[in-house]
Protein chains: 2
Amino acid sequence: MSEQRVVLAVSTVIFALRPHPTTGRPTLWLPLVRRIREPYRGQWALPGGPLQPEDDLATSARRTLERTTGLDPHYLEQLYAFGAVDRSACGDGPGSSERVVSVVYWAIIRPDEAARAVDGDNVEWRVADDVVGRPDGDQPEPLAFDHGTVLRYALARLRAKIGYSPIAYAFLTDEFTLAALREVHEAVLQRPLDPANFRRQVLASQAVAPTGRHLTGTSHRPPALYRRVVAIPSADPSRVTAPADPTSPTEPDTEECA
Amino acid sequence: MSEQRVVLAVSTVIFALRPHPTTGRPTLWLPLVRRIREPYRGQWALPGGPLQPEDDLATSARRTLERTTGLDPHYLEQLYAFGAVDRSACGDGPGSSERVVSVVYWAIIRPDEAARAVDGDNVEWRVADDVVGRPDGDQPEPLAFDHGTVLRYALARLRAKIGYSPIAYAFLTDEFTLAALREVHEAVLQRPLDPANFRRQVLASQAVAPTGRHLTGTSHRPPALYRRVVAIPSADPSRVTAPADPTSPTEPDTEECA
DNA sequence: GCAAAAGTGTTTGGATTACACCCATGA
DNA sequence: TCATGGGTGTAATCCAAACACTTTTGC
């Protein structure tokens with residue numbers, strides 16, 4: 001085996017909600033970029049690139065996103081550092097390729113942000129669950145590197161975190177109906193939620209306040225519009241405060257999958 | 001600013017339970033190593049070292065731990081990748097030092113494993129909350145690099161995760177009383193738990209089974225001994241399975257702090 | 001017997017669930 | 001008027017907390 005250098009890259013999984021191509025229901029989509037050099041040339045991969053010495057990790061993620069997809073997500077969180085020694089080697093390719101450790105981030109963008117995205121020859125938006133493959137479906141075309149594993153992990157994190165953190169609001173614009181908020185949860189969790197109970201839970205959480213306005217133009221009773229009144233928490237470790245009050249329980253953390 | 005190279009290192013926060021020096025109650029301890037070179041020479045730091053090209057990230061963490069502290073933890077999980085551009089620069093030191101990105105792991109070891117640990121001039125075990133500093137106490141001697149932030153984050157992760165994952169068993173040997181299991185939770189959460197309710201919750205979780213044996217030599221009723229019958233889950237993203245059954249809710253993931 | 005912790009029982013209140021039912025609008 | 005979701009009410013259920021009480025050992 002030849003001498004290897006370890007190279008650091010930063011990649012990002014970006015989630016957005018768009019109508020499903022067949023059902024029309026809100027569904028998780030994400031952009032992929034086509035690799036234009038070896039290894040895995042021609043295959044689809046997560047947007048990313050090498051870490052520049054002058055960039056922080058999250059800054060690198062944002063900079064690469066802007067350059068490759070034109071996106072600037074307002075929710076961005078570190079997912080995991082992937083560093084298996086053989087993860088950058090093609091199964092049938094040369095075994096002596098450079099070793100790459102990737103720090104992967106995941107992001108959420110609103111529909112209005114996603115609409116501004118470029119969609120050229122080398123960027124393609126796909127339904128997230130079609131990319132990883134359904135349990136009963138055919139195996140999809142594999143992603144470059146271990147990006148299939150990365151995406152599965154990002155989906156698991158998103159689905160876990162929406163249950164205990166107000167990240168669902170990152171998919172929504174300033175004003176929204178409670179039905180729209182419920183559709184975000186339903187799209188992420190892939191299961192219907194009881195509208196009555198969902199409404200009560202959200203209102204009890206004190207996370208939203210009515211704006212007084214209503215959505216018009218529907219063929220039924222005009223739903224009230226709400227706005228978010230809590231911050232979407234940052235998962236940055238530097239924001240970790242002093243030890244919590246020992247008399248109150250701690251909330252779940254961000255980083256992994258049970 | 002001179003040209004910088006990005007170097008990748010792996011460090012580990014290792015937790016063990018030992019009696020508190022004054023109260024005698026089970027308390028979180030961790031080993032620190034003294035830095036023998038610049039930057040931060042002479043200050044205490046988390047055990048770690050540069051990533052070797054032939055090691056996976058977790059392998060690197062284990063190898064460095066063995067070499068510096070003699071420890072081989074049976075629970076090891078990735079915490080976070082720290083990569084701020086200035087994190088390896090001393091506040092009053094030279095500003096042109098090498099840039100280091102650290103992938104940090106955290107680990108749990110049992111008392112019998114911790115007893116085998118070396119405790120030389122350059123390794124010192126400390127009470128975890130004394131290292132980060134109590135809210136009302138004096139500020140402790142700062143750790144090297146951003147390891148104070150790292151440790152605070154690791155403590156937050158441990159305290160969050162013990163609430164929804166059976167990691168408490170990683171602190172215990174094969175046979176244990178339910179009181180010992182409760183003391184693990186109390187030490188981590190820093191608050192007393194109701195023995196009656198705790199017992200019921202643990203038994204209802206189906207995570208333990210009685211061995212039939214009892215602990216003797218106490219000055220009261222001999223408590224029954226139990227053993228763990230569930231696996232301590234690995235947080236490795238490669239273990240993420242196919243999308244869960246959409247009709248059942250998802251459990252919290254591992255990676256972050258609310 | 002007494003102290004101390006093991007272990008059991010009971011009550012309470014809050015949160016979740018399921019589902020019935022009314023409301024307001026466009027067509 | 002009817003269809004469609006918005007929005008409210010309510011009862012059943014589960015779960016966590018608080019705490020009284022009994023049991024079993026060493027001293």
Side-chain angles (χ1 to χ4, degrees), chain A residues 19 23-26 162-166 172 175-187 189 191-227 245-252, chain B residues 19 23-26 160 162-164 168 172 175-187 189 191-227 245-252:
Chain A
T23 69
R25 298 170 53 81
I162 203 173
Y164 62 88
S165 180
L172 297 171
E175 282 197 332
F176 50 85
T177 65
L178 294 188
L181 179 61
R182 177 167 49 83
E183 282 168 351
V184 172
H185 282 83
E186 290 177 336
L189 298 176
R191 99 185 124 96
L193 299 174
D194 185 301
N197 295 329
F198 181 83
R199 146 182 290 274
R200 263 187 294 263
Q201 282 171 14
V202 171
L203 294 180
S205 75
Q206 305 272 2
V208 298
T211 64
R213 281 188 288 276
H214 291 256
L215 185 65
T216 57
T218 62
S219 73
H220 52 80
R221 176 172 172 175
L225 289 167
Y226 292 81
R227 62 184 168 82
D245 178 0
T247 59
S248 67
T250 320
E251 285 133 54
Chain B
T23 69
R25 299 169 52 82
I162 204 173
Y164 62 89
L172 298 171
E175 282 196 333
F176 50 85
T177 65
L178 294 188
L181 179 61
R182 177 168 48 82
E183 282 169 349
V184 172
H185 281 83
E186 290 177 337
L189 298 176
R191 93 185 130 96
L193 299 174
D194 184 300
N197 294 330
F198 181 82
R199 148 182 290 274
R200 262 187 295 264
Q201 283 170 13
V202 171
L203 294 179
S205 75
Q206 305 273 2
V208 298
T211 64
R213 282 188 287 277
H214 292 255
L215 184 65
T216 57
T218 62
S219 72
H220 54 79
R221 177 171 173 176
L225 288 167
Y226 292 81
R227 62 185 170 80
D245 177 1
T247 60
S248 66
T250 319
E251 287 133 52

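A, B, ... follow the sequence lines: proteins, then strands. Residue 1 opens every chain.
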Going 5' to 3' along nucleotides 4-14 of chain D, which nucleotides have protein heavy atoms under 4.0 Å from the base (write B), which only from the sugar-phosphate (write S), and which from neither (write -)? BBBSBBB----
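- The side-chain contact (heavy atoms from CB on, under 4.5 Å) search around A/Arg221 returns none, not counting sequence neighbours.
- With hydrogens and angles disregarded, a donor-acceptor distance shorter than 3.5 Å links the side chain of B/Thr211 to the backbone of B/Leu225.
- Here the P atom of nucleotide C/dA6 and the CG atom of B/Leu215 are 10 Å apart, to the nearest Å.
- In this structure, A/Arg199 and A/Tyr226 approach most closely via the heavy-atom pair NH1-OH, 3.9 Å.
- Residues that satisfy the side-chain contact (heavy atoms from CB on, under 4.5 Å) test with B/Glu186, not counting sequence neighbours, are B/Arg25, B/Arg182, B/Glu183, B/Pro192, B/Leu193.
- Residues B/Ile162 and B/His185 form a side-chain contact, since some pair of their non-hydrogen atoms from C-beta on lies under 4.5 Å apart.
- The separation between B/Gln201 atom CD and C/dG7 atom P is 16 Å, rounded to whole Å.
- The nearest whole Å value for the distance from the CG atom in B/Leu181 to the P atom in C/dA6 is 12 Å.
- When heavy atoms are screened at a 4.0 angstrom cut-off, B/Thr218 is found touching the sugar-phosphate backbone but no base atom.
- What separates CG of B/Asp194 from P of D/dC15 is a distance of 18 Å, to the nearest Å.
- Among all heavy-atom pairs drawn from B/Ala168 and B/Leu181, the shortest one is CB-CD1, 3.9 Å.
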